[in-house]
Amino acid sequence: MSEKKIYIRKPKKEFAKKIYKLVEDTKILDLNSEYLYLLQTTHFKESCSIALCEENIVGFVSGYRLPNKPDTLFVWQVAIDENFRGMGLAAKLIANTLKRKINSDIKYIHTTVSPSNKSSIKMFTKLAKYLKTEIKSKQFFEKEDFVDQHEEENLYEIGPIKRKGEK
Ligand SMILES: CC(C)(COP(=O)(O)OP(=O)(O)OC[C@H]1O[C@@H](n2cnc3c(N)ncnc32)[C@H](O)[C@@H]1OP(=O)(O)O)[C@@H](O)C(=O)NCCC(=O)NCCS
């Protein structure tokens, strides 16, 4: 575990290449095109966060608002450098995204997780607890929905989240 200071920021286009590498290094996430990470660091930067430690990107959370339900942040990919796992960094990145003024109306978080990814399920369960709200899961994407061999992805719904000023 590192003692160095970690900064959480909105991503910039200049970081897209390092994000691509971080996702690739997890070895378990689907690696998307470089172009996708460029879009996430430009068009979708308000709903994404990175963790910086010196010059390195040690964490990335990508997300977007559901087009037909804009009060819901869909968390797409979460990647934490293996030397920085187990420190609650992923949840901090998501909480930081929620704290932005532009995201003050977000009431729900949705995400998909494969049943074998116990670390991710634990992380989202702890996040729901931190946000003092519920988490529930249901079937979403089946194995047959993918071209190549791929585990199913269950949908996790977190919320409602009480926002500033709400009782
Ligand atoms: C899943 C992941 C995002 C969690 O991020 P994180 O910041 O480490 O999350 P947390 O610190 O809350 O730890 C969550 C759980 O991970 C497990 N964990 C702890 N240290 C770990 C380590 N060094 N390596 C792997 N898992 C670890 C623990 O079970 C922990 O839960 P616990 O503290 O209640 O026992 C991160 O492990 C990761 O990037 N994994 C590879 C990519 C991935 O699976 N992304 C999610 C896809 S949906």
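FYI, the numbering just counts along the sequence from 1. Small disclaimer: the values here were computed from a predicted structure and weren't measured. Counting starts at 1 for both ligands and their atoms, following the listed order. Values reported hereafter were calculated over all heavy atoms of this structure, with side chains retained and with hydrogens, waters and symmetry mates removed.
Y64 and F44 have perpendicular rings, their planes meeting at more than 60° on a 0 to 90° scale where under 30° would count as parallel.
At a 3.5 angstrom cut-off on N or O pairs, N117 counts as close to ligand 1. In terms of N/O distances under 3.5 Å, ligand 1 is approached by K126. At least one N or O atom of I80 sits closer than 3.5 Å to an N or O atom of ligand 1. At least one N or O atom of G88, backbone or side chain, sits closer than 3.5 Å to an N or O atom of ligand 1. At a 3.5 angstrom cut-off on N or O pairs, L29 does not count as close to ligand 1. Residue I28 has no nitrogen or oxygen atom sitting less than 3.5 Å from a nitrogen or oxygen atom of ligand 1, judged on distance alone.
Using a 4.5 Å heavy-atom threshold, the side chains of F141 and H150 count as separate. With a 4.5 Å cut-off on side-chain heavy atoms, T133 and P160 count as touching.
A salt bridge does not link R65 with E46: every distance from a Lys NZ or Arg NE/NH1/NH2 to an Asp or Glu carboxylate oxygen is 4.0 Å or more. A salt bridge does not link D71 with R163: none of the charged nitrogens is closer than 4.0 Å to a carboxylate oxygen.
Note that the NZ atom of K45 and the NZ atom of K12 stand 10.5 Å from one another [nearest 0.5 Å]. A distance of 8.0 Å separates CD1 of I121 from OG of S137, quoted to the nearest 0.5 Å.
Remark: K143 is not positioned above the aromatic ring of F146, lacking an NZ or CZ atom under 6.0 angstrom from the ring centre and at most 45 degrees off the axis.
Of all protein heavy atoms, the one lying nearest to atom 17 (C) of ligand 1 is S119 OG, 3.5 Å. For atom 9 (O) of ligand 1, the nearest protein heavy atom (residue, atom name, distance) is M123 CG, 3.6 Å.
Residue A79 approaches ligand 1 through these ligand atoms, each under 4.0 Å from one of its heavy atoms: 39 (O).
Inside a 4.0 Å radius of atom 2 (C) of ligand 1 there is not any protein heavy atom.
In this comparison of K27, K122, K92, Q77, the heavy atom closest to atom 28 (C) of ligand 1 sits on K122.
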